[in-house]
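This report concerns only the one structure given below.
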Amino acid sequence: MKRGIVIGSGIAGMSAALMLTETGIETSLIEERPCLAPLLRGFDRQGVHFETGFHFAGGLAQGGLLNTWLKVLGLDLPYGRGLPEHEIFCLDKRRFSLPCGREALLAWTRNCFPASLAGMETLLDEMSRKMQESPYTSPLQEEKKSLFASADCETVTEHLSGLPLDEDLKAILHTRCLLYGAVPDEALWSEYALVSGAYFFSSSTLPGGGECFLRAWEKALLKKGVRLECGKAAVRVLLTEKEKKFFVSGVELADKSVLEADYVIFTGSPAQLPELLPREAFRPAYFRHIETMPETPAPFVVYGIADNSIPENTCWYKVPQSHHFYAIEEHDPTLTIMTGPCLADGRKSCLALGIHQAPVGIHCKKPDSSLYTTAKGLLTLKLAAEAENILPELKGHWTIAEASSSWTMRRWIYGSTGSIYGCAHTKTSLPLSPATRVQGLFLAGQNILLPGMLGCIISAAIAVDFATGRNCILDRFRTCANEE
Ligand SMILES: Cc1cc2nc3c(=O)[nH]c(=O)nc-3n(C[C@H](O)[C@H](O)[C@H](O)COP(=O)(O)OP(=O)(O)OC[C@H]3O[C@@H](n4cnc5c(N)ncnc54)[C@H](O)[C@@H]3O)c2cc1C
């Protein structure tokens with residue numbers, strides 16, 4: 001029996017481990033933190049649960065792409081009980097409540113931007129077509145085309161400027177680039193169509209939020225017999241050399257124990273790779289590329305508790321007027337406010353998230369503690385005031401329970417380097433390929449394909465199909481999609 005090791009137990013790692021086992025490979029899942037999927041866990045304050053790395057997902061509705069992929073993984077979830085997200089785009093003092101689904105979106109456009117109806121129709125059709133281009137996003141696609149944008153470098157700004165769309169509508173559509181942390185001038189249209197496209201067609205969560213997904217993943221991993229090694233960092237990927245080629249032989253853990261393997265799928269930050277692997281295994285240009293890969297900005301988040309006057313499961317985006325997203329430190333920053341489900345007493349989590357300019361990366365040093373505390377306090381006040389500015393109904397109806405900077409994120413959201421979506425995917429930064437020069441070593445996760453639940457699961461599927469050299473997972477996806 002072949003053996004596989006997956007390093008990192010985020011959405012990508014847990015998915016890759018399930019899929020590897022599914023193909024008959026004896027699999028171990030290694031996580032440096034004490035428990036699985038730190039980013040999905042969230043935390044509680046004053047009896048209210050706060051989500052950290054998961055709030056809403058696109059394509060989760062019945063028949064949606066994410067829904068199908070969760071079934072491919074065999075997760076026991078309350079499918080069909082999705083809670084819809086209400087998305088409100090705040091443009092100056094105006095508010096636009098964006099619905100989901102083709103027909104509802106067209107009716108909304110006819111009502112709010114009648115002159116843009118034809119442009120919106122074209123855009124939605126183009127997004128559907130883009131999603132049908134890859135076999136990992138459409139069961140009808142026979143041709144094995146890559147999901148990795150390299151040939152098509154058109155940006156979101158360029159693409160939308162070619163359509164007859166009102167400027168305010170374009171600004172609303174640009175805001176969706178926040179879902180993967182790249183400004184519309186740099187974000188690739190083909191990636192927008194996949195990540196944001198899924199949200200246009202459905203956007204929701206499940207009762208229980210991130211923890212509900214986490215429990216389903218944990219259950220499936222135990223059922224499939226995946227060996228879980230939590231609280232142990234992988235410190236070295238062990239290789240053997242034969243005729244100038246390198247082959248994976250195992251992984252050394254922080255406690256010096258060694259696990260042998262024929263395949264290793266790494267889902268952490270690529271910035272770690274130069275430390276995990278011997279330099280001679282790769283061309284110098286590969287490590288140089290990794291060392292200069294830009295990251296998405298960090299988030300600064302204020303966690304508040306809102307009363308029953310503020311709607312539950314709602315998301316408000318402040319629409320930036322330019323093509324750029326402004327950090328919380330700047331004038332007129334871009335932000336998002338999200339509420340969770342209502343408790344019996346009407347209270348709910350209310351989270352305001354801004355972009356943060358902090359220098360983050362796994363090698364950055366934390367600033368001196370008194371400077372840090374003062375700066376964090378000031379940013380908390382600023383972000384809370386900005387939130388009340390775009391949503392005046394919050395005044396007197398929420399209290400701040402917690403705040404997190406990029407440094408807190410690195411503690412709470414252990415896996416990431418503090419940046420909101422890991423490596424940036426833009427027209428100027430080529431992502432790493434899931435296959436590497438080392439035989440048996442593959443890369444997956446938000447740093448490789450795209451952020452968000454859908455991007456991470458598809459990335460895991462691609463890595464596993466690469467590893468096994470068969471299309472087992474793709475075949476399962478086709479079967480599940482056809483059953484739907
Ligand atoms: C504030 C915030 C809000 C978000 N909201 C949403 C949302 O609403 N919807 C959505 O779909 N997505 C959302 N995302 C994005 C989503 O959370 C991520 O895209 C996704 O969780 C990334 O998963 P991953 O498996 O690629 O990486 P990670 O979750 O970062 O997992 C990598 C894991 O590897 C472990 N690890 C790293 N190195 C090692 C090592 N050497 N040895 C052992 N273990 C190691 C880490 O501890 C970590 O657990 C949000 C993210 C943030 C930060």
Side-chain angles (χ1 to χ4, degrees), residues 10-16 18-19 37 39-40 51 53-75 77 79 82-85 87 100-101 127-139 141 145-149 176-182 187-206 209-210 212-214 216-217 220 267 296 315 416 420-423 425 431 434 444-465 473-474 476-478 480-481 484:
I11 295 172
M14 293 189 296
S15 305
L18 283 177
M19 292 170 183
L39 200 53
L40 280 184
E51 298 286 359
F54 181 84
H55 304 87
F56 300 106
L60 190 54
Q62 198 70 34
L65 186 55
L66 176 59
N67 188 291
T68 307
W69 273 108
L70 292 166
K71 288 179 179 160
V72 172
L73 290 170
L75 299 193
L77 287 164
Y79 297 104
L83 306 170
E85 173 189 9
E87 292 181 298
C100 284
M127 278 195 291
S128 299
R129 270 202 301 279
K130 265 278 166 224
M131 287 173 115
Q132 301 197 343
E133 277 182 6
S134 161
Y136 288 93
T137 51
S138 167
Q141 181 58 258
K145 274 200 201 165
S146 169
L147 258 179
F148 297 88
R176 286 269 194 227
C177 291
L178 277 173
L179 289 170
Y180 52 101
L188 290 164
W189 152 248
S190 51
E191 298 188 340
Y192 177 93
L194 176 62
V195 177
S196 311
Y199 280 79
F200 282 111
F201 297 112
S202 78
S203 176
S204 51
T205 187
L206 291 178
C212 159
F213 287 94
L214 171 64
W217 252 295
T267 68
T296 51
C315 188
S416 93
I420 185 156
Y421 299 126
C423 293
H425 297 275
Q446 68 170 2
N447 295 294
I448 305 306
L449 185 62
L450 290 169
M453 197 171 265
L454 180 63
C456 289
I457 297 176
I458 296 182
S459 166
I462 295 173
V464 170
D465 276 349
I473 307 302
L474 193 55
R476 247 182 94 72
F477 167 65
R478 288 202 177 114
C480 280
E484 290 281 300

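- S204 contributes atom OG, which lies 8.5 Å from atom CG of N67 (distance to the nearest 0.5 angstrom).
- Annotation: side chain of W217 is in contact with side chain of L40 (closest heavy-atom distance under 4.5 Å).
- A cation-pi arrangement is not found for R176 relative to Y199, the charged atom failing to lie both closer than 6.0 Å to the ring centre and inside a 45° cone about the ring normal.
- Using a distance-only test at 3.5 Å, with no hydrogens or angles considered, a donor-acceptor pair links the side chain of Y79 to the main chain of L70.
- Between L77 and F213, the closest side-chain pair of non-hydrogen atoms falls below 4.5 Å.
- Under the 4.5 Å side-chain criterion, counting only non-hydrogen atoms from C-beta, Y192 is not in contact with L179.
- With hydrogens and angles ignored, the 3.5 Å screen pairs no side-chain donor or acceptor of T296 with any backbone N or O of G181.
- Annotation: side chain to side chain contact (heavy atoms under 4.5 Å, CB included) contacts of S202 (sequence neighbours excluded): A61.
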Show me, pair by pair, the donor-acceptor contacts under 3.5 angstrom made by side chains of residues 444-458, not counting sequence neighbours?
from : atom 1 : to   : atom 2 : distance (Å)
N447 : OD1    : C423 : N      : 2.8
N447 : ND2    : G268 : O      : 3.4

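- A 4.5 Å side-chain heavy-atom check between F477 and P135 finds every atom pair outside the cut-off.
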Applying side-chain contact (heavy atoms from CB on, under 4.5 Å), run through E484 and K71 and close with a yes or a no. CA-CA 10 Å; E484 290 281 300; K71 288 179 179 160; 2.8 Å; yes
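- The NE2 atom of H55 sits 12.5 Å away from atom OG of S203, with the distance rounded to the nearest 0.5 Å.
- Under the 3.5 Å distance criterion, the side-chain polar atoms of Q141 are matched with a main-chain donor or acceptor of E133.
- When every heavy atom of L18 is checked against every heavy atom of L73, the shortest pair comes out as CD1-O, 3.9 Å.
- The side-chain heavy atoms of S190 and K130, taken from C-beta on, include a pair separated by under 4.5 Å.
- Summarising the geometry, atom CG belonging to L60 is positioned 10.5 Å from atom OG1 belonging to T68; distances are rounded to the nearest 0.5 Å.
- To the nearest 0.5 Å, the span separating NE2 on H425 from OH on Y180 amounts to 10.5 Å.
- Here the side chain of W69 pairs a donor or acceptor atom with the backbone of Y136 at under 3.5 angstrom.
- Interatomic distance, CG of L188 versus CG of L194, reported as 12.0 Å (0.5 Å rounding).
- With contacts defined as side-chain heavy-atom distances shorter than 4.5 Å, the pair T205/E51 does not qualify.
- Looking at every heavy atom in both residues, C177 comes nearest to A182 through CB-O, 3.1 Å.
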